[in-house]
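Since the structure comes first, as C-alpha cells, the remarks are kept for the end.
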Amino acid sequence: MSNFDQNQINNHQINSRLWSNVVKNLNPYTPGEQPKHADLCKLNTNENPFAPSPKVVEAITQALSNQANDLRLYPAPESDALRETLADVYQLDKNQIFVGNGSDEVLAHIFACFFVKNLPILTPDIGYSFYPVYANTFGVNLQKIALKQDFSLDINDYNQPNSGIIFANPNAPTGILLSLEKIKQLLKNNQNSVVVVDEAYIDFAENPSSAIGLIHEFDNLIVSQTFSKSRSLAGLRVGMAFANPSLIEALNRYKNSFNSYPLDRLAQVGATASLQDHAYFQDCCKQVIALRQDLVKNLMMLGFHVLPSQANFVFAKPPSYCGETKQLFERLRNQGVITRHFDSAKITDYLRITVGTQAQNQRLINALQEILNNP
Ligand SMILES: *Cc1c(COP(=O)(O)O)cnc(C)c1O
C-alpha cells in the first residue's frame, strides 16, 4: 500500500456500522515495530541476528526453479515431509506433531480446542501478551496469577481449579527459565487440564531444558515451538506443537475446519531444510548464547539490574539515577537503537533488549553509556 493510500484511510473516519459484535469486541495484539529505515539497530522483536542456514535459501530457490509449476498446486495439507523430519529430529512419532503458520496460529488453535470451557485458564500476570488477546478472541476466561517478587513462577500458585495453564518457558519478557522438575510437578498437580509450555526461546537455554520428552509421560502436556527465533525464520511463518496423539488430533480437526493449507509449499521446503542443517543451527544458538552473556556483563557494568535470561533477549532495569525507563527507551530510539518498553506497572522500570550481533550490542552499549553520562 502506498503512503497515499494509507493516508486516505487514516484520514477517513472508520465506520463500524457493518461490523459484527465479534469484531467490535476484539482487542488485537500490537506487534513490535518493523521499521523501514535500514540504519536502525533493531533490538525490539527478538528476531535472530544471524541469517538462516544457506541450505534454506538453496532449498527454496531450487523449489522455485525446478518446480515453479508446482505452485499451481495446493501444498501438502498436513505438511507430511516437514513433520517426518521433525519426528526424526525430536525422536517422536509423526502423529505427536502439529505444524501451523507460525506458533501464534498454533497457540490460537490451542485456545479454541482446549480452553473454551467453564473453568478459567491460568497464566502468569507477566507473560506473552498474545495470551490475553486470544482469550478475548475466543471467549476464554483467563485468570492471571502473580509471579513472585523476583519474577519467578511458583507452581504452587497453580493448584486452584482450572481447565488449562499456559506460560512461556523461558518466560517472556523476563527470560527466566522454569526447571523441568517443576514443570513435571505442575503436570502432576493438574492432570485434568491441558498444560501448554510455550518454548519459543528454549533453544537459547544453556542446558537442554525442553519439556518435549515429557509428552510420553503426560497426556495433558502440549509443548509449542517456532522457527522464528532460534532458526532465524520469522519471515517464513512456521511453528509447531508436540503432544500426545489425541491432543494433536483435536488440533487437526480444528485446523481442517479453518484452513486446510496453513503452510505454503515454500515454507514447508524451507523449514525442512533448516532442520536438516543441524550443525548450523547449533552453532547459531551457541553464538547467540555467548553474545547474551557478553551483553549481560556489559549492562551490569553500566549499573543495570539484569534478570537471569535463558532467551535471546534480556530484561534489564537501568540504574535509578537515570530517571524513567520510558524516557531512556525514547532517547535510545532517537539514536536509532530500538528496544521494547512495556507500559505496565510492575515492569515499567525494565527494558527488553534483543541480543543482536556483536556490532549491534556494542552500538547499544555505546548509546547507553552516552545517555548515562548525560542523564
Ligand atoms: C515470538 C513468540 C511466539 C510466536 O512465534 P511465531 O512462531 O513467530 O508466531 C510465541 N510465543 C512467544 C512467547 C514468543 O515470544
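Below, each value reflects all heavy atoms present in this structure, side chains not excepted, and no hydrogens, waters or symmetry copies. Whatever order the structure lists ligands and atoms in, that order sets their numbers, starting from 1.
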Practice prompt. Look at the aromatic rings of Y350 and H305 and report parallel, tilted or perpendicular, splitting at 30° and 60°.
Written response: perpendicular
Worksheet item: How would you list, by chain and number, every residue that makes a side chain to side chain contact (heavy atoms under 4.5 Å, CB included) with A290, sequence neighbours excluded?
Response: none
Worksheet item: Salt bridge or not for E78 and K255, using N-O below 4.0 Å?
Response: yes
Discussion item. Can you tell whether the side chains of R292 and E206 come within less than 4.0 Å, N to carboxylate O?
Written reply: yes
Discussion item. Please determine whether a side-chain nitrogen of the Lys or Arg among D264 and R237 lies less than 4.0 Å from a carboxylate oxygen of the Asp or Glu.
Written reply: no
Worksheet item: Below 6.0 angstrom between ring centroids: does that apply to Y201 and F313?
Response: yes
Ligand 1: which protein N/O atoms lie under 3.5 Å from its N/O atoms?
| residue | atom | partner | partner atom | Å |
| --- | --- | --- | --- | --- |
| ligand 1 | 5 (O) | S103 | OG | 3.0 |
| ligand 1 | 7 (O) | S103 | N | 2.6 |
| ligand 1 | 7 (O) | S103 | OG | 3.0 |
| ligand 1 | 7 (O) | T226 | OG1 | 2.5 |
| ligand 1 | 7 (O) | S228 | OG | 3.3 |
| ligand 1 | 8 (O) | S228 | OG | 2.6 |
| ligand 1 | 8 (O) | R237 | NH1 | 2.8 |
| ligand 1 | 8 (O) | R237 | NH2 | 3.4 |
| ligand 1 | 9 (O) | S103 | N | 3.2 |
| ligand 1 | 9 (O) | D104 | N | 3.0 |
| ligand 1 | 9 (O) | D104 | OD2 | 3.2 |
| ligand 1 | 9 (O) | R237 | NH2 | 2.8 |
| ligand 1 | 11 (N) | D198 | OD1 | 3.3 |
| ligand 1 | 11 (N) | D198 | OD2 | 2.7 |
| ligand 1 | 15 (O) | Y201 | OH | 2.5 |
| ligand 1 | 15 (O) | K229 | NZ | 3.1 |

